[in-house]
Protein chains: 2
Amino acid sequence: MNIHARREEIIRIVREGTVHSQDELLALLRKKGFKLTQPTLSRDIRELGLAKTPAGYVAPGDLASVTPITTFTPIEVRQERLEHLMKGSIKFAEAAGNVVVIKTPPAAAQPVASALDATPPEDALGTVGGDDTIFVAFRHAGAATAFARNVQQIAGLSTRRSARA
Amino acid sequence: MNIHARREEIIRIVREGTVHSQDELLALLRKKGFKLTQPTLSRDIRELGLAKTPAGYVAPGDLASVTPITTFTPIEVRQERLEHLMKGSIKFAEAAGNVVVIKTPPAAAQPVASALDATPPEDALGTVGGDDTIFVAFRHAGAATAFARNVQQIAGLSTRRSARA
DNA sequence: TCTCTGCGTGCATGAATATTCATTGTTTTG
DNA sequence: CAAAACAATGAATATTCATGCACGCAGAGA
C-alpha cells in the first residue's frame with residue numbers, strides 16, 4: 001500500500017543508524033506505524049539493493065548519491081589535484097551533445113567530480129557524480145567535445161574506446 | 001591451517017567473479033585445494049568484512065560497487081528486474097536533447113539507476129542517479145527519445161495522448 | 001456494473017548463514 | 001618434556017533470510 005513511503009523510510013533508517021537484522025529493522029518500521037512482515041521486508045531490501053555487512057545493512061546509494069561541492073583550495077593546487085586524479089581514475093570519456101560522460105572505477109567518481117567542480121572547465125555549466133559515472137554539462141556542444149578530448153589526452157585514453165569493466 | 005592464504009583467495013575470488021552464497025564460495029575454495037567447512041567460511045567472511053548484496057558478495061573496498069548489479073548476473077534476470085522496477089517506480093520520463101530525465105518516488109532512484117547501469121539501453125553512455133532523479137546520457141538525441149518513449153510505455157505513463165472513457 | 005488482470009501482501013516453509021560447543025593441533029611456560 | 005593456554009576448526013544447531021503459493025484489493029475494459 002504505502003510501499004514507497006515504506007521503502008523511503010527503510011533507506012532513512014539504514015542511513016541513520018545501524019541495523020543488524022531484518023527483525024530489528026522490522027521492529028523499527030512497525031514502531032513508525034508501518035504494518036508489514038519479514039517476507040515483505042526481505043523483498044524491499046532486495047528491491048532497494050541494500051547490502052548486509054558484518055556491521056549491519058547499508059544503502060548502496062550512500063556512496064553513489066549526487067553531491068554538489070564547493071571548495072576554497074587555491075586554484076593551482078586544485079589544478080594539480082585534478083590532473084592527478086584524472087590520470088589515475090578515468091576509464092572512459094566521451095561527449096554527447098553538450099554533455100560529457102566520464103566513467104571511473106567504482107566509488108571513484110565523487111572525488112573526480114569534486115575536483116572538476118572546484119576547477120570548472122571552460123564553458124562548463126555544472127557537474128554531477130554518481131558512483132562510477134560523472135556528467136559534465138556545457139553551454140555548447142563544441143566546448144563539450146573539446147573538454148572530452150582534453151580529458152582523454154590527460155587520462156591517456158585512446159580517443160575511441162569502450163568502457164565497462 | 002593456512003588461514004591467511006585462504007582469506008586472500010576469498011578476496012580474490014569475490015573480486016573477480018560473482019558469488020551468491022557461501023556454499024558456492026566454499027566449492028570454489030575447495031576446488032583450489034583449500035579444506036574447510038561453511039562455519040569457517042562464515043567466520044572468514046565476517047573477519048574480512050565482506051558484504052552480501054542482492055548481486056552477491058563484495059569486498060569491503062568495493063562496497064561502493066554494490067551499485068553495479070552489473071557483474072555477471074544473467075542478462076535475462078537483469079532485464080526482468082529492470083522492467084519490474086520501471087513498472088513500479090517511475091513517475092516521469094522525458095528526453096531533452098541527448099539526455100533523458102527520469103523521476104521516481106523519493107529514495108527509489110538509486111535502485112533503478114543501478115538496474116539501468118546493469119542493462120544499458122542502446123547507445124547509452126552513462127547513468128547518474130540522485131534521490132528521486134535519474135539522468136541517462138545517450139550518444140544521439142534519437143536514441144534518447146526512443147528510450148524515453150520505451151520507458152513511458154513500460155512504466156505505463158501516458159505518452160502524450162489524452163484518453164479517458 | 002461485472003470480469004479480468006496484476007500487484008502487494010502474509011503464511012508456511014525451505015535455504016542460507018551464524019553460533020555454540022567440543023576437539024585437535026600449536027605455541028608458551030614451568 | 002610435560003602441561004597449560006590458545007587458536008583454528010568441524011558438527012550440530014539456532015537464527016536469519018528468501019520464496020512458492022494463495023488471497024484480496026484496485027484499476028482497465030467489456
Side-chain angles (χ1 to χ4, degrees), chain A residues 1-10 13-14 18-30 33-59, chain B residues 1-10 13-14 18-30 33-59 66 69 73-74 77 80-91 104-105 107-108 111-112 152-159 161-165:
Chain A
M1 202 193 173
N2 32 12
I3 178 169
H4 285 121
R6 189 182 64 221
R7 291 186 178 172
E8 197 186 332
E9 185 59 33
I10 289 173
I13 290 175
V14 163
T18 303
V19 183
H20 285 89
S21 73
Q22 295 190 359
D23 273 345
E24 204 180 324
L25 183 49
L26 194 55
L28 289 174
L29 284 168
R30 282 175 170 158
F34 292 94
K35 176 189 149 287
L36 77 166
T37 56
Q38 177 268 326
T40 297
L41 180 54
S42 170
R43 290 184 266 251
D44 283 349
I45 285 173
R46 169 158 37 90
E47 293 302 315
L48 290 170
L50 294 200
K52 187 186 187 183
T53 74
Y57 281 94
V58 298
Chain B
M1 233 234 267
N2 34 13
I3 178 169
H4 291 301
R6 187 181 66 221
R7 291 186 176 171
E8 275 175 41
E9 185 59 33
I10 289 173
I13 290 175
V14 163
T18 300
V19 182
H20 285 87
S21 75
Q22 295 189 2
D23 273 346
E24 203 180 326
L25 184 48
L26 194 56
L28 289 174
L29 284 167
R30 282 175 171 160
F34 293 94
K35 177 191 148 286
L36 76 167
T37 57
Q38 178 267 325
T40 296
L41 181 54
S42 171
R43 291 184 268 250
D44 283 349
I45 284 174
R46 169 159 34 93
E47 292 302 314
L48 290 169
L50 295 199
K52 187 185 188 183
T53 75
Y57 281 96
V58 297
V66 161
I69 308 292
T73 313
V77 173
E80 189 185 325
R81 169 174 162 78
L82 178 57
E83 288 213 5
H84 179 227
L85 279 174
M86 291 207 295
K87 268 179 195 147
S89 321
I90 293 190
K91 292 164 57 183
T104 72
V112 178
Q152 287 164 353
Q153 192 190 327
I154 293 179
L157 303 176
S158 61
T159 36
R161 290 172 301 161
S162 62
R164 181 65 198 91

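Side chains included, hydrogens not; waters and symmetry mates left out as well; all remaining heavy atoms used. Lettering of chains follows the sequences in order, A, B, ..., and the numbering in each one begins at 1.
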Exercise. Looking only at heavy atoms, which two atoms of A:Pro54 and B:Arg46 are closest? And how far apart?
Worked result: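 Between these two residues, the closest heavy atoms are CG-O, 3.8 Å.
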Problem set entry | Identified side chain to side chain contact (heavy atoms under 4.5 Å, CB included) counterpart of B:Tyr57 within the set B:Ile45, B:Ile10, B:Thr18, B:Leu48 | B:Ile45
Looking only at side-chain N and O atoms, does [X] come under 4.0 Å of OP1 or OP2 in [N]?
X: B:Tyr57; N: C:dA16; value: no
X: A:Thr40; N: C:dG10; value: yes
X: A:Ser42; N: D:dC17; value: no
X: A:Arg43; N: D:dG20; value: no

Nearest listed nucleotide, side chain of [X], among [options]:
X: B:Ile3; options: D:dA8, C:dA16, D:dT16; result: D:dA8
X: B:Lys52; options: C:dA16, D:dC17, C:dC11; result: C:dA16
X: A:Leu36; options: C:dT19, D:dC17, C:dG10; result: C:dG10
X: B:Thr37; options: C:dG10, D:dC17, D:dG10; result: D:dG10

Value in whole Å for how far the [atom2] atom of [N] lies from [atom1] of [X]:
X: A:Asn2; N: C:dT9; atom1: CG; atom2: C1'; result: 12 Å
X: A:Arg7; N: C:dG8; atom1: CZ; atom2: C1'; result: 9 Å
X: A:Glu24; N: C:dA18; atom1: CD; atom2: P; result: 15 Å
X: B:Asp23; N: D:dG10; atom1: CG; atom2: P; result: 14 Å
X: A:Leu26; N: C:dC11; atom1: CG; atom2: C1'; result: 14 Å
X: A:Leu29; N: C:dG8; atom1: CG; atom2: P; result: 17 Å
X: B:Leu50; N: C:dT17; atom1: CG; atom2: C1'; result: 13 Å
X: B:Gln22; N: D:dG10; atom1: CD; atom2: C1'; result: 15 Å

Problem set entry | 5' priority, DNA chain C, between A:Asp44 and B:Gln38 [closest heavy atom] |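 It is A:Asp44 whose nearest nucleotide is closer to the 5' end.
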Problem set entry | Gap between atom CG of A:Leu36 and atom CG of A:Leu29 - 0.5 Å precision |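 Separation between the atoms: 6.0 Å.
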Problem set entry | Distance, nearest 0.5 Å, that separates CZ of B:Arg43 from CD of B:Gln38 | 9.0 Å
Problem set entry | A:Arg30 and A:Thr37, any side-chain heavy atoms less than 4.5 Å apart | yes
